[in-house]
Amino acid sequence: MIETERHRVILSAVQARPVATVSDLCELTDASEATVRRDIATLHMQKKVRRVRGGVESLAPPQFVGLSGRPFEMNATRHVAQKRAIAQAAVEMCEDGDAIIINGGTTTFQMVHPLANRRCLVFTNSFPIAEHLLKQSKNTVMLSGGTIYREQNIVLSPFENDVTRNFSARRMFLGAQGVSKRGVMEQDPLIIQAETKLIGQADEVVLMVDSTKFRNRSALVLCALDRISTIITDDGITDAEAGMIESAGVALVVTTPGRADEVRTAG
């Protein structure tokens, strides 16, 4: 990533959260700590951000407190080939006429392209997914109600009397912040609350995660692995991670990025 691109990422990051740490920015830009610190110093001198201990903050911090986690636009550029292959395998599980739930996220968003050839009833809390399917497919789309979270491009509601309880799905497709033997993990309590309701409306739950998510951790557990019917990931998964899934009794589909027609099924 060149300097101007790194600067755009840093400026975007500080608009999405009160403070962006150096380690966060290293991960977002794939740059070294020394490079990120130089970028911060440059932007500070240009009076575009304020340098603080261990990171950087906006000169005009956002008044609206968003959800924990990276903004949608930042996540969308990470592991794209893996996400496309995972999404292709997910759509192959769908048939015309199926009622499905697609939770908001950058991996699940990749389902919109192969779904263009399907006629499903899709319930989603994602603006990008809903917009694309409405414009580019024959699928029927229902959008959940609630508060709009701009950074993640999703709609979440803490209330029990929303439309979620009136939808019954054959399958729910969702992503996650991380996966471990403890279960599926997320970063924000409101996401946990909303996704728990959605999971309750589906006969089967399909988890779509690239292999790096098996090394991520969070303090919040969405659900145990035994609530998941199938996990779709890429061929970067280790034997130990695959064994963990098999021991939980969860079906495993392993895709090869760049060769979406090639999958391995285990369990």
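All values reported here derive from a predicted model rather than from experimental measurement.
Scanning all heavy atoms of the two residues, the minimum distance from Asn103 to Met172 falls at CB-CE, 3.9 Å. Nearest heavy atom pair, residue Ser126 against residue Gly104, reads CB-CA, 3.6 Å. Nearest heavy atom pair, residue Ala130 against residue Leu143, reads CB-CD1, 3.9 Å. In terms of heavy-atom proximity, Leu207 sits nearest to Ala176 at CD1-CB, 3.9 Å. Shortest non-hydrogen contact noted between Arg165 and Lys197 is NH2-CG, 3.3 Å. Between Asp98 and Met93, the shortest heavy-atom distance links the atoms OD2-O, 4.2 Å.
For Arg227 (side chain) and Ile199 (main-chain N/O), a donor-acceptor pair under 3.5 Å exists by modelled atom type. Side-chain atoms of Asp96 come within 3.5 Å of backbone N or O of Arg119 as a donor-acceptor pair. In this structure a side-chain-to-backbone donor-acceptor pair under 3.5 Å is present from Arg118 to Val91. Of the possible polar contacts, none joining the Thr230 side chain to the Ala251 backbone as a donor-acceptor pair under 3.5 Å is found. Asp235 contributes no side-chain N or O that, together with a main-chain N or O of Thr256, makes up a donor-acceptor pair within less than 3.5 Å. Using a distance-only test at 3.5 Å, with no hydrogens or angles considered, no donor-acceptor pair links the side chain of Asp234 to the main chain of Asp210. Looking only at distances, a side-chain donor or acceptor of Thr233 sits under 3.5 Å from a matching main-chain atom of Val209. Remark: side-chain polar atoms of Asn139 are not paired, donor with acceptor, to backbone N or O of Val141 under 3.5 angstrom. At least one donor-acceptor pair under 3.5 Å links the side chain of Arg217 to the backbone N or O of Phe214.
Taking the side chain as every heavy atom from C-beta outward, Val14 and Leu43 never approach each other to under 4.5 Å. The shortest side-chain heavy-atom distance between Asp39 and Thr29 does not fall under the 4.5 Å cut-off. Residues His44 and Val56 have side chains not in contact (no heavy-atom distance under 4.5 Å, counting atoms from C-beta outward). The shortest side-chain heavy-atom distance between Leu225 and Val179 falls under the 4.5 Å cut-off. At a threshold of 4.5 Å between non-hydrogen side-chain atoms, the residues Thr35 and Arg38 count as touching. In this structure the side chain of Leu11 reaches within 4.5 angstrom of the side chain of Val49, judged on heavy atoms. Residues His113 and His132 meet the side-chain proximity criterion, which asks for heavy atoms closer than 4.5 Å.
In the model, Thr212 has no side-chain atom that pairs as donor or acceptor with a side-chain atom of Arg215 under 3.5 Å. Between the side chains of Ser23 and Thr21, at least one donor-acceptor pair of N or O atoms lies under 3.5 Å.
Summarising the geometry, atom OG1 belonging to Thr42 is positioned 10.0 Å from atom NZ belonging to Lys48; distances are rounded to the nearest 0.5 Å. The line from CG of Asn117 to NZ of Lys138 is 12.0 Å long, rounded to the nearest 0.5 Å. We find the CD1-OG distance between Ile86 and Ser211 to be 7.5 Å, quoted to the nearest 0.5 Å. Considering CD1 of Ile101 and CE of Met142, their distance stands at 10.0 Å, rounded to 0.5 Å. Between the CZ atom of Phe173 and the CE atom of Met111 there is a distance of 4.5 Å, given to the nearest 0.5 Å. With rounding to the nearest 0.5 angstrom, the CD atom of Glu246 is 12.0 Å from the CD1 atom of Ile231.
For Arg171, the salt bridge (Lys or Arg N to Asp or Glu O under 4.0 Å) criterion is met by Glu204, not counting sequence neighbours.
Within 6.0 Å of CG in Asn166 there are more than 12 heavy atoms belonging to other residues, nucleotides or ligands.
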Quiz item: Would Leu222 and Leu174 count as a side chain to side chain contact (heavy atoms under 4.5 Å, CB included) if you check the C-alpha gap in whole Å, the side-chain angles of each, and the deciding distance to 0.1 Å?
Solution: CA-CA 11 Å; Leu222 169 63; Leu174 79 159; 3.6 Å; yes

Quiz prompt | Verdict with reasoning, Leu198 to Phe167, per side chain to side chain contact (heavy atoms under 4.5 Å, CB included) | solution = CA-CA 9 Å; Leu198 289 171; Phe167 192 84; over 6 Å; no

Quiz item: Taking it one step at a time, do Cys223 and Ile228 satisfy side chain to side chain contact (heavy atoms under 4.5 Å, CB included)?
Solution: CA-CA 8 Å; Cys223 65; Ile228 305 299; 3.9 Å; yes

Quiz item: Yes or no on side chain to side chain contact (heavy atoms under 4.5 Å, CB included) for Leu115 and Ile102, after CA distance, side-chain angles and deciding distance?
Solution: CA-CA 11 Å; Leu115 270 176; Ile102 305 179; 3.6 Å; yes

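Hydrophobic clustering, with ILVMFWY side chains joined whenever heavy atoms are under 4.5 angstrom apart, keeps Met185 apart from Ile232. Val205 and Val221 are members of different hydrophobic clusters when ILVMFWY side chains are connected at heavy-atom separations under 4.5 Å.
Looking at Gln88, Met208, Lys83 one by one, the single match for side chain to side chain contact (heavy atoms under 4.5 Å, CB included) with Gln110 turns out to be Lys83.
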